[in-house]
Amino acid sequence: MTESKPAQTRTLPKAKRAFQNAIIAWFSEHAEDYPWRRTHDPYAVLVSELMLQQTQVATVLGRRYFERWLEQFPNVNTLADASEDEVLKAWEGLGYYRRARNLQKAARVVVEQFDGRFPEKLADILALPGVGRYTAGAVVSFAFDQSVAIVDANVARVLARLFDYEGAVDLPAGQQQVWAWAEELVPGDGVRVYNSGLMELGQKICTVRQPNCRECPVFAFCATRVPEQLPVKKPRTSTVFVDEHVVFSRDEDGGILLEQETGKRREGLWKLPEASDPPTGKIVLKMQYSITHYRVTLIVHEVCDAKSRSGRRFSAAALEAIAMSSPYRKALVALLANDDFALN
DNA sequence: TAGTCGTGGTC
DNA sequence: TGACCAAGACT
């Protein structure tokens with residue numbers, strides 16, 4: 001990794017065409033066969049991009065979220081007409097549930113403002129709820145092959161290394177810089193393949209740890225000698241440890257008490273009810289989960305007489321059909337498994 | 001603008 | 001095991 005590099009930052013524009021061709025040629029050989037690459041339907045592309053925001057490809061592939069979503073909501077009309085409960089249930093386990101609500105809002109905008117025909121103009125797509133600069137560019141380039149640049153975490157990493165950029169790529173100045181480079185490099189033709197290739201290069205070759213420079217198709221264009229030290233990012237807010245006390249309550253018919261989250265973010269998702277302060281009742285489960293920078297210890301108290309509490313009771317079978325974030329889903333699975341064991 | 005929003009994988 | 005990270009957007 002210490003040999004001299006023939007191309008430096010200043011010479012890259014001249015070699016732009018060669019850079020683009022190298023990306024396109026590499027991707028033609030190494031492209032993964034993802035389900036969202038088998039379609040150019042802009043709605044399907046939007047679905048995949050929302051699912052993939054801050055979410056790894058393997059997560060979306062693993063439980064077939066994309067395929068199941070399109071089976072249940074094959075077009076903007078079916079999604080626009082669905083209930084929020086159905087939408088949240090289909091999204092269960094993916095996290096960032098606001099994305100699911102935004103996706104449905106976007107479908108309703110397309111139905112109401114565009115007569116159900118998906119817009120093709122970047123500005124129209126950018127105006128959809130939950131769609132930012134990256135997602136809008138991804139939709140128009142993947143669905144319509146329009147020459148528009150995109151920058152996600154993969155592309156930002158590739159560009160930071162390519163130009164040996166030492167500023168923080170997740171601060172406004174750094175974002176502005178990598179977007180400017182991305183726009184300078186984007187080809188006039190073949191953008192669908194080029195954008196996919198640039199992202200997949202970051203995912204497969206120009207990885208966060210131990211980038212595989214020996215197999216990189218654009219190594220000759222890369223300015224950095226210390227790729228593993230780039231990109232620089234702003235420091236994270238430090239982890240805060242908190243305890244969360246909740247209630248596990250079953251009535252004589254086996255109905256389990258749950259309440260629905262309020263507030264703007266996780267609104268509509270069901271959860272175990274919050275315990276009184278100070279909490280009472282025997283502790284029947286402790287588990288840990290993370291949410292943003294919080295490290296939460298979930299402490300479940302069994303409460304026998306909770307008849308006066310608000311909320312709704314569900315049978316064990318009915319629990320399957322409602323939307324719940326992963327920590328509470330896992331807690332309930334563990335609680336009911338213990339219960340079955342005790343009965344045997 | 002810094003904080004928020006989920007989850008699972010990696011080392 | 002804890003810290004980091006991911007096909008970001010919003011407030």
Side-chain angles (χ1 to χ4, degrees), chain A residues 31-32 34-37 44-63 65-66 88 91-103 105-106 125-139 141-143 149-158 168-175 178-179 182 192 195-204 206-210 228 231-241 261 263-269 271 287-298 323-330:
Chain A
E32 290 285 341
Y34 297 136
W36 46 87
R37 286 184 176 156
V45 173
L46 182 67
V47 170
S48 74
E49 291 304 333
L50 266 290
M51 286 186 171
L52 288 161
Q53 284 175 5
Q54 290 288 284
T55 305
Q56 295 186 338
V57 169
T59 302
V60 178
L61 289 177
R63 288 198 250 171
Y65 283 105
F66 177 74
L88 289 174
W91 202 268
E92 183 181 279
L94 263 181
Y96 288 137
Y97 296 93
R98 185 173 53 181
R99 295 181 297 175
R101 277 191 290 274
N102 280 336
L103 186 50
K105 285 181 192 168
I125 297 171
L126 189 56
L128 295 173
V131 176
R133 192 175 178 184
Y134 162 77
T135 302
V139 170
S141 62
F142 296 151
I150 55 175
V151 176
D152 72 328
N154 290 306
V155 175
R157 184 169 58 253
V158 170
V169 296
D170 52 355
L171 287 175
Q175 281 286 297
V178 291
W179 273 98
R192 178 182 288 141
N195 276 350
S196 303
L198 199 53
M199 291 171 66
E200 192 144 317
L201 183 75
Q203 187 185 107
K204 296 286 178 54
C206 197
T207 54
V208 177
R209 303 182 185 86
Q210 296 188 319
E228 58 282 339
V232 174
K233 293 197 174 180
K234 65 182 175 187
R236 295 210 156 194
T237 49
S238 52
T239 305
V240 176
F241 293 83
E261 307 237 18
K264 290 283 180 186
R265 283 153 186 151
R266 281 185 281 183
E267 185 177 7
L269 292 167
K271 59 169 289 193
M287 54 174 275
Q288 290 200 318
Y289 69 91
S290 295
I291 173 76
T292 67
H293 68 287
Y294 294 99
R295 183 73 176 158
V296 182
T297 301
L298 183 69
M324 202 177 297
S325 62
S326 287
Y328 302 114
R329 178 68 71 188
K330 287 175 183 171

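Order of the sequence lines sets the chain letters (A, B, ...), proteins ahead of strands, with each chain counted from 1.
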Next item on the list: Just call it for A/R329: base, sugar-phosphate, or nothing, with non-hydrogen atoms closer than 4.0 Å on any strand.
Entry: nothing
Notebook entry, point to check: Hey, where on DNA chain C does chain A first and last touch, going 5' to 3'? Cut-off is any atom under 4.0 Å from a heavy atom.
Noted result: C/dA3 to C/dC10
Note to self: Taking the P atom in each of B/dG6 and C/dT1, what is the distance between them to the nearest angstrom?
What the structure shows: 26 Å
Item checked: Donor-acceptor pair between A/E49 and A/T135 side chains, under 3.5 angstrom -> no
Next item on the list: Would you give the length of the straight line joining atom CD of A/Q53 to atom OG1 of A/T55, rounded to the nearest 0.5 angstrom?
Entry: 8.0 Å
Margin query: Restricting to ring-ring contact (aromatic ring centres under 6.0 Å, His included), what partner residues turn up for A/Y294, sequence neighbours left out?
Written below: none
Check: When all nucleic acid strands are considered with a 4.0 Å heavy-atom cut-off, which category describes A/A153: base, sugar-phosphate, or nothing?
Finding: sugar-phosphate
Notebook entry, point to check: Residues in side-chain contact (heavy atoms from CB on, under 4.5 Å) with A/R63, at least two apart?
Noted result: A/Y65, A/R68
Next item on the list: Sugar-phosphate means primed atoms, P, OP1 and OP2; the rest is base. With that split, encode nucleotides 4-11 of chain B 5' to 3' as B, S or - using protein heavy atoms under 4.0 Å.
Entry: SBBBB-B-
Check: Within a radius of less than 6.0 Å around CD of A/Q210, do more than 12 heavy atoms belonging to other residues, nucleotides or ligands occur?
Finding: no
Checklist line | P gap between B/dC11 and C/dA7, integer Å | finding: 15 Å
Next item on the list: Using the test ring-ring contact (aromatic ring centres under 6.0 Å, His included), find all partners of A/Y134 that sit at least two apart in sequence or belong to another chain.
Entry: none
Margin query: Using atom C1' in both nucleotides, what's the gap between C/dA6 and B/dT1 to the nearest angstrom?
Written below: 22 Å
Note to self: At 4.0 Å (heavy atoms only), tell me whether A/V155 reaches a base, stays on the sugar-phosphate, or touches nothing.
What the structure shows: nothing
Next item on the list: Sequence neighbours left out, what passes ring-ring contact (aromatic ring centres under 6.0 Å, His included) with A/W179? Give chain and number order.
Entry: none
Next item on the list: Any chance you could lay out the side-chain hydrogen bond (donor to acceptor under 3.5 Å, both in side chains) test for A/R157 and A/N154, step after step, and finish with the verdict?
Entry: CA-CA 5 Å; A/R157 184 169 58 253; A/N154 290 306; 2.9 Å; yes
